[in-house]
Amino acid sequence: MSKPKILVARAVFPETIARLSQHFDVESNQADETWSKAELARRLADKVGAFTTGSDRIDAEVLAAAPHLKICANMAVGYNNFDVPAMTARGVLATNTPDVLTETTADFGFALLMATARRMTESEHYLRAGKWTKWSYDMFAGSDIHGATLGILGMGRIGQGIAKRGAHGFGMNVIYHNRSRLSAELETECKARYVSKEELLKTADHLVLVLPYSAASHHTIGAAELAQMKPTATLVNIARGGIVDDAALAAALKNQQIAAAGLDVFEGEPSVHPDLLTVPNVVLTPHIASSSVPTRLAMANLAADNLIAYLTTNKPITPLNPEVLAA
Ligand code: 8YV
């Protein structure tokens, strides 16, 4: 009997391909070519499953070209590349990779915060450029992490991980805002106090964004919000491009309306707003918050396991639209 056909839309660990190949006839993109949406749709025409990443858009148009498709397994916890209602309407299961990346991503969020507040990349560029000729009393003087007020916008698993690092590791005063308030037990565990968005913006010394992207969270931080922040504040975005209005942020950094920003995600990435590339008080990284070797492997394996579990036993591990199963 021939094996079911699946598509792996981007290059992944060879061991993940090998694992999938035990169950499926795998077409993979190990060359890591950049496929257009039309190309992705064309390759999905005869597939029952797809292994996707955040760069692969699955919407009604793609689904219309993939009549046999039963599941798209995203190697990401975020899934704004999926039109989930369109997938549900077509009976296509969506899965993501929660939990396995929480601690690694929280580590990175904290690292980016520290690099930003303490001006690490700016000072490194200065040193590499041969400009360091003497000690100065205020050389790259930044802001403190310990004892400062850490604001977190979006208090899911990753936000909680950052809160715990700040509160327990660095003695920070942690405040947060979220669509829904955490239980009293979780607030105690994270040593975090719930505040309004306005209070968060006004009182945070360091504001970290960890909320999911949707039409509702588009430009959650724009010119008006940046204007409410302290002039000494730092802003860190490890969530998604589009949550911050990058043009407004570049202007705020240029005018020193806020002190600095650390950005791992960008509107329209991998393109980066040109003004962000010219301001010195910003640390820029190419969407790597989850990128430790063990975590990326765990994410790939969970996406693969979702494909295997659903297509062989009908029991996916981390479904996003379980109503498809009931139907
Ligand atoms: C991924 C991420 O690297 O999991 C997420 O939501 O943003 C990252 O961990 C990226 O989306 C690739 O799929």
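Both counts, for ligands and for their atoms, begin at 1 and track the order of listing.
Gln160 and Tyr176 share no side-chain donor-acceptor pair at under 3.5 Å.
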Between the protein and ligand 1, are there any N or O atom pairs that come within less than 3.5 Å of each other, and if so, what are their names and distances?
residue, atom, partner, partner atom, Å
ligand 1, 3 (O), Ser290, OG, 3.4
ligand 1, 3 (O), Arg296, NH2, 3.0
ligand 1, 4 (O), Val77, N, 2.8
ligand 1, 6 (O), Val77, N, 3.4
ligand 1, 6 (O), Gly78, N, 2.8
ligand 1, 6 (O), Arg240, NH2, 2.8
ligand 1, 7 (O), Arg240, NH1, 2.7
ligand 1, 7 (O), Arg240, NH2, 3.3
ligand 1, 7 (O), His287, NE2, 2.7
ligand 1, 9 (O), Ser290, OG, 2.7
ligand 1, 13 (O), Gly54, N, 3.0
ligand 1, 13 (O), Met75, O, 2.9

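Residues satisfying the side chain to side chain donor-acceptor pair (under 3.5 Å) test with Thr203, not counting sequence neighbours, are none. For Tyr310, the side chain to side chain donor-acceptor pair (under 3.5 Å) test picks out no residue, with sequence neighbours left out. For Lys3, the salt bridge (Lys or Arg N to Asp or Glu O under 4.0 Å) criterion is met by no residue, not counting sequence neighbours.
In summary, Arg19 and Glu15 do not engage in a salt bridge, as defined by a charged side-chain N under 4.0 Å from a carboxylate O.
Arg90 is listed as a side-chain neighbour of Leu69, based on a closest heavy-atom distance under 4.5 Å.
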